[in-house]
> 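Have a look at this one before I ask anything.
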Amino acid sequence: MAYANLLVEREGAIAIIILNRPKVLNALNQDTMNELVGALEALDRDDEIRCVILTGSDRAFAAGADVNEMAQATPVDMLSGYRFQQWERIRKLSKPLIAAVRGYALGGGCELAMLCDMIIAGESARFGQPEINIGIMPGAGGTQRLTRAVGKARAMEIVLTGRHVSAAEADTMGLVNRVVPDEVVLDEARKLAHEIAGKPPVAVRLAKDAILKAFDTTLEGGLDYERKLFYLLFSTEDKREGIEAFLAKRPPQFMGR
Ligand code: CO8
């Protein structure tokens with residue numbers, strides 16, 4: 001399928017979505033978000049795909065929501081028009097999503113990277129929530145996900161000053177998985193995606209689900225949830241195959257069931 005603002009590439013069991021509005025540093029307008037959600041959901045339904053990478057250009061992962069679209073917007077425009085449901089739909093994807101970030105990941109761009117399950121950053125990556133500089137505040141999860149990722153004091157400073165955070169600082173704060181030279185960001189993300197794609201898909205899906213549960217439950221509720229998913233995996237052929245292969249000292253052949 002052809003998109004106006006995205007490129008989608010497939011490499012065996014992984015897919016790479018490239019945000020492609022370079023003239024505006026991949027600003028996330030409504031059309032781009034519509035396409036992105038559609039592409040991600042199609043890949044989530046595709047049995048051949050087991051892990052997805054989301055990336056941008058060398059200058060920008062995404063420099064935020066499209067400020068032009070927000071210029072005349074009223075609260076009712078923001079409430080209607082389906083904007084926030086799109087972010088919820090990305091949150092509900094079952095397959096692992098890796099952000100490969102070079103250049104700016106600001107505002108909604110930073111929120112989109114944080115909505116991914118893992119972040120591989122190039123040395124040029126610049127994260128930030130600069131909404132404060134234009135009279136607003138993060139609206140797609142920035143105050144919540146950044147705080148959970150880096151802690152209250154750091155999130156407060158980043159959101160209240162709007163300053164940019166370098167890749168090295170983001171690494172120290174635990175916002176990203178690792179920082180690599182820009183030239184190898186995509187290769188590093190591919191390596192990670194292929195590694196995950198080789199694991200038993202049902203276990204990957206349920207493990208992702210359980211980890212995300214940690215964000216909105218008590219420890220007791222989360223442990224209970226984890227245990228239920230753990231029991232469920234004992235009904236899969238991949239559990240039988242994984243253990244048999246281990247005991248027979250041979251590589252497993254996971255089937256995804
Ligand atoms: N929206 C629209 N256009 C943008 C955006 C953006 N967010 N960011 C950059 N552009 C455009 C510029 O206007 C410029 O266009 P033109 O060439 O036509 O003038 C082009 O991209 C290149 O940008 P610059 O010339 O500014 O490039 P610089 O290298 O000088 O600066 C920066 C790069 C620092 C990234 C700068 O462009 C900038 O500060 N951009 C805005 C960053 C920002 O404020 N982002 C937050 C936006 S608000 C937001 O994201 C709220 C999210 C809430 C979620 C809501 C979901 C519905």
Side-chain angles (χ1 to χ4, degrees), residues 13-15 17 33 36-37 39-47 49-54 83-101 105 108 110-121 127 129 138-156 158-159 170-171 173-178 189 192-193 195-240 242-243 254 256-257:
I14 74 165
I17 299 182
M33 288 304 295
L36 179 60
V37 172
L40 284 168
E41 287 183 342
L43 293 168
D44 212 49
R45 287 190 299 268
D46 186 329
D47 286 340
I49 297 297
R50 295 186 176 181
C51 188
V52 179
I53 296 171
L54 178 59
R83 282 182 174 80
F84 293 97
Q85 291 95 319
Q86 293 172 322
W87 295 77
E88 280 304 295
R89 282 168 62 183
I90 298 174
R91 183 170 76 86
K92 290 187 172 144
L93 295 170
S94 66
K95 291 178 186 168
L97 186 55
I98 301 170
V101 178
C110 187
E111 291 170 310
L112 184 59
M114 291 190 293
L115 192 51
C116 295
D117 300 309
M118 290 156 276
I119 304 177
I120 303 293
F127 298 89
Q129 298 290 159
T143 62
Q144 302 305 300
R145 289 197 182 92
L146 186 64
T147 307
R148 283 165 164 80
V150 306
K152 181 189 97 173
R154 287 165 171 153
M156 234 10 131
I158 293 165
V159 171
D171 197 17
M173 287 176 179
L175 183 60
V176 302
N177 291 66
R178 53 190 158 278
L192 179 59
E195 185 179 350
I196 293 168
K199 305 295 180 194
V202 182
V204 167
R205 175 181 178 158
L206 298 189
K208 165 174 167 160
D209 187 10
I211 291 169
L212 291 179
K213 192 53 124 187
F215 286 107
D216 56 20
T217 186
T218 59
L219 179 60
E220 192 171 348
L223 290 172
D224 195 38
Y225 191 72
E226 178 191 75
R227 215 167 300 127
K228 302 277 175 7
L229 299 184
F230 181 76
Y231 297 149
L232 185 57
L233 288 173
F234 280 68
S235 68
T236 61
E237 289 178 28
D238 283 348
K239 172 258 173 187
R240 191 168 351 110
I243 292 183
F254 293 123
R257 40 180 200 262

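Nothing fancy with the numbering, it's 1 onward along the sequence.
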> Is the backbone of Ile120 close enough, under 3.5 Å, to the side chain of Asn177 for a donor and an acceptor to pair up by distance?
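Judged by distance alone, no pair lies under 3.5 Å.
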
> Measure across Val159 and Pro138 and return the closest heavy-atom pair with its distance rounded to 0.1 Å.
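Minimum heavy-atom separation between Val159 and Pro138: CG1-CD, 3.8 Å.
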
> Report yes or no: does Lys208 contribute a side-chain atom to a donor-acceptor pair with the main-chain N or O of Leu93 at less than 3.5 Å?
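Side chain of Lys208 to backbone of Leu93, a donor-acceptor pair under 3.5 Å: yes, one is there.
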
> Within the 4.5 Å heavy-atom criterion, are Phe127 and Val176 side-chain neighbours or not?
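Sidechains of Val176 and Phe127: in contact.
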
> Could you tell me which non-hydrogen atom of Ala113 sits nearest to which non-hydrogen atom of Val101, and how far apart they are?
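Closest pair (atom of Ala113, atom of Val101, distance): CB-CG2, 4.2 Å.
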
> Side-chain contact, heavy-atom cut-off 4.5 Å: Met118 with Ile196?
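Yes; the side chains approach each other to less than 4.5 Å.
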
> Of the non-hydrogen atoms in Asp171 and Arg178, which two are nearest, and what is the gap between them?
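Reported closest heavy-atom pair: OD1-CA, 4.0 Å.
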
> Under a 3.5 Å distance rule, please check whether Lys95 uses its side chain to pair with a backbone N or O of Ile49 as donor and acceptor.
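Judged by distance alone, yes, a pair lies under 3.5 Å.
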
> Between Asp224 and Lys228, does a salt bridge (Lys or Arg N to Asp or Glu O under 4.0 Å) hold up when you go through it step by step?
CA-CA 6 Å; Asp224 195 38; Lys228 302 277 175 7; 3.2 Å; yes

> Specify the closest pair of heavy atoms between Arg50 and Lys199, including all atoms of both residues, with the distance to one decimal.
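Heavy-atom minimum between the residues: NH1-O, 3.9 Å.
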
> Using 0.5 Å steps for rounding, measure from the CD1 atom of Ile90 to the CG atom of Leu54.
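Separation between the atoms: 8.0 Å.
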
> For Phe84, is the CZ atom crowded, meaning more than 12 foreign heavy atoms sit under 6.0 Å from it?
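Enclosed: over 12 neighbouring heavy atoms sit under 6.0 Å from CZ of Phe84.
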
> Quick one: CG on Leu219 to CD on Glu226, what's the gap to the nearest 0.5 Å?
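Reported to 0.5 Å precision, the distance equals 9.5 Å.
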
> Between Gly221 and Thr218, which heavy-atom pair has the shortest distance, and what is it?
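Nearest pair, atom of Gly221 first, then Thr218: N-OG1, 2.9 Å.
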
> Mind checking whether Gln129 and Leu146 have side chains closer than 4.5 Å, heavy atoms only?
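Yes. Closest side-chain heavy atoms under 4.5 Å.
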
> Are there over 12 heavy-atom neighbours, none belonging to Glu220, within less than 6.0 Å of that residue's CD?
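Counting other residues, nucleotides and ligands, CD of Glu220 stays at 12 neighbours or fewer.
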
> Which distance, rounded to the nearest 0.5 Å, do you find between the SG of Cys110 and the CZ of Arg145?
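That separation rounds to 11.0 Å.
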
> Is there a donor-acceptor pair under 3.5 Å between the side chain of Asp238 and the backbone N or O of Phe254?
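The answer is no, because no donor-acceptor pair under 3.5 Å joins these two groups.
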
> With rounding to the nearest 0.5 Å, note down the distance linking CG in Leu97 to CD1 in Ile119.
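CD1 of Ile119 is found 10.0 Å from CG of Leu97.
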
> Does this structure show an ion pair linking Arg91 with Glu88, if we count only N-O contacts that are shorter than 4.0 Å?
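Salt bridge: yes.
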
> Could you tell me if the side chain of Val37 sits less than 4.5 Å from the side chain of Trp87, heavy atoms only?
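The answer is no; the side chains never approach within 4.5 Å.
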
> Just how far is it from atom CZ of Phe215 to atom CD of Gln144, taken to the nearest 0.5 Å?
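Result: 11.0 Å between the selected atoms.
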
> Would you say that Ile211 contacts Asp117 through its side chain, given a criterion of any heavy-atom pair below 4.5 Å between the two side chains?
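Heavy-atom side-chain distance check fails, nothing below 4.5 Å.
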
> In this structure, are over 12 heavy atoms from other groups packed under 6.0 Å from Asp216 atom CG?
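More than 12 within 6.0 Å, yes.
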
> If I take atom CG from residue Asp44 and atom OG from residue Ser94, how far apart are they, to the nearest 0.5 angstrom?
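Answer rounded to 0.5 Å: 3.5 Å.
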
> Under the 3.5 angstrom rule, does the side chain of Glu111 hit a backbone N or O of Gly139 as a donor-acceptor pair?
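Pair found, side chain donor or acceptor close to backbone of Gly139.
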
> If you compare all heavy atoms of Gly256 against all heavy atoms of Val202, which two are closest, and at what distance to 0.1 Å?
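Nearest pair, atom of Gly256 first, then Val202: O-CG2, 3.7 Å.
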
